[in-house]
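Here the structure comes first, spelled out in structure tokens, and everything after it is commentary.
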Amino acid sequence: MLKNKAAIVTGSTSGIGLGIATALAAQHCNVMLNGFGDPTAIENTRKGLSEKYGVKIGYSAADVSKPAEIRALVASAERELGSVDILVNNAGIQHVAPVEDFPDDRWDAVIAINLAAAFHAIKAALPGMKRRNWGRIINVASAHGLVASGQKAAYVTSKHGIVGLTKVVGIETANDGITCNAICPGWVLTALVQKQIEAKAKETGISVEQAKRNLLSEKQPMLQFTTPEQIGGLAVFLCSEHAATMTGAALPIDGGWTAQ
Ligand code: NAD
């Protein structure tokens with residue numbers, strides 16, 4: 001379906017980003033991976049995806065908290081893969097603390113990575129998409145882009161912000177063959193969430209399994225995690241012609257979290 005198209009997926013060395021990159025590659029899309037991690041593991045992932053799906057898979061270690069590195073990431077994808085037709089702004093971090101104790105540097109980092117990075121990447125990728133009159137921009141927001149939880153000031157702010165950015169870009173590109181949508185997952189069992197579960201288990205003296213069950217039941221009517229593969233499936237749908245008139249939308253995939 002996406003043969004001869006090329007995508008950047010930020011933060012695709014693990015979790016949801018890797019799920020999306022894999023789903024795009026499975027549709028014969030060339031992909032530029034990005035994110036941190038063990039170089040050997042990343043190279044194995046890159047090579048494995050390329051061999052399995054017969055597509056070009058590149059890798060950039062760009063730190064998306066730095067606008068100059070984002071611009072270089074877009075330029076290198078255009079050079080190595082020929083274009084950036086699909087941009088998935090997925091890289092994200094979390095920090096949990098009450099507002100009055102929230103460290104200034106964590107606030108700055110969350111806003112830079114979860115929100116400002118998407119602005120800089122979209123700005124850099126749009127001219128090429130407009131020239132080709134085709135583009136798909138997918139911002140990985142969160143249920144926390146639609147509703148709030150305590151202790152997550154920076155994260156909730158960044159995710160509400162990216163939903164707003166999604167709407168503006170959707171409107172501005174409405175007649176350029178480009179769509180911009182946000183995916184809003186509930187709980188997905190990735191490194192980002194595992195850390196929160198382990199911290200809760202330690203803090204309250206319960207098992208990790210119990211902390212997992214508590215986490216789900218506190219927010220989600222559906223007591224199961226969404227998988228990176230399911231989010232990859234939604235991203236592929238957003239890249240398809242069936243979704244050509246969907247734009248500026250914030251789509252929950254959250255087990256009923258935000259239906260309440
Ligand atoms: P993860 O920790 O497994 O993956 C995060 C990825 O971002 C990794 O590849 C990491 O290397 C990369 N990254 C972090 N900082 C970076 C930087 N400065 N520059 C480049 N890459 C960087 O987490 P995940 O759960 O897969 O999260 C992916 C996205 O999904 C995030 O935006 C997160 O907010 C969002 N999300 C996650 C959940 C969940 O339950 N896991 C729910 C809703 C939304």
Side-chain angles (χ1 to χ4, degrees), residues 8-23 31-39 41-42 45-46 59-74 76-77 88-96 105-106 108-118 120-121 138-149 152 154-163 165-166 182-198 200 212 215-216 218-220 222 224-232 234-235 250-255 257-258:
I8 293 175
V9 185
T10 68
S12 48
T13 52
S14 80
I16 293 171
L18 182 55
I20 294 174
T22 304
V31 180
M32 179 63 79
L33 300 173
N34 158 256
F36 304 143
D38 169 52
I42 293 172
T45 302
R46 193 202 64 73
Y59 166 68
S60 158
D63 177 345
V64 302
S65 69
K66 304 196 169 116
E69 294 197 21
I70 299 172
R71 288 190 283 274
L73 165 65
V74 172
S76 75
V88 183
N89 291 304
N90 165 78
I93 58 167
Q94 175 64 283
H95 189 82
V96 181
D105 70 327
R106 288 300 84 204
D108 290 344
V110 171
I111 298 298
I113 294 167
N114 295 16
L115 177 57
H120 294 293
I138 298 172
N139 296 322
V140 179
S142 168
H144 282 123
L146 304 170
V147 294
S149 296
K152 295 187 175 176
Y155 190 83
V156 169
T157 302
S158 71
K159 296 302 186 179
H160 275 66
I162 206 167
V163 167
L165 177 65
T166 301
I183 294 179
C184 300
W187 293 123
V188 184
L189 193 52
T190 62
L192 183 139
V193 166
Q194 185 68 27
K195 269 189 240 156
Q196 294 174 62
I197 292 170
E198 284 168 14
K200 263 273 181 280
K212 252 185 218 170
L215 185 92
L216 286 169
E218 189 195 340
K219 297 287 182 189
Q220 283 193 191
M222 197 179 283
Q224 66 185 56
F225 291 96
T226 299
T227 65
E229 291 73 21
Q230 287 166 329
I231 295 179
L234 179 52
L251 304 165
I253 172 165
D254 68 358
W257 179 329
T258 58

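Start at 1 and go down the list; that is how both ligands and their atoms are numbered.
Residue, atom and distance of the protein heavy atom nearest to atom 11 (O) of ligand 1 are Phe36 N, 2.8 Å. Protein heavy atom closest to atom 34 (O) of ligand 1, with residue, atom name and distance, is Tyr155 OH, 2.6 Å. Here the protein heavy atom with the shortest distance to atom 26 (O) of ligand 1 is Ile16 N, 2.8 Å. Ranking protein heavy atoms by distance to atom 25 (O) of ligand 1, first place goes to Thr190 OG1, 2.4 Å. Among protein heavy atoms, the minimum distance from atom 6 (C) of ligand 1 is reached at Gly11 O, 3.5 Å. Here the heavy atom of the protein found nearest to atom 3 (O) of ligand 1 is Ser14 OG, 2.8 Å.
Proximity of Val193 to ligand 1, defined as any heavy-atom pair under 4.0 Å, is confined to the side chain (atoms from C-beta onward). Contacts between Pro228 and ligand 1 below 4.0 angstrom, taking non-hydrogen atoms only, are absent altogether. No part of Ala143 comes within 4.0 Å of ligand 1, judged by heavy-atom distances. Of all the heavy atoms of Phe225, none lies under 4.0 Å from any atom of ligand 1, so neither backbone nor side chain is involved. Under 4.0 angstrom from ligand 1, the non-hydrogen atoms of Ile113 all belong to its side chain. By the criterion of a heavy-atom distance under 4.0 Å, the side chain of Lys159, and not its backbone, is placed next to ligand 1.
Backbone and side-chain nitrogen or oxygen atoms of Gly35 are examined, and none is located within less than 3.5 angstrom of a nitrogen or oxygen of ligand 1.
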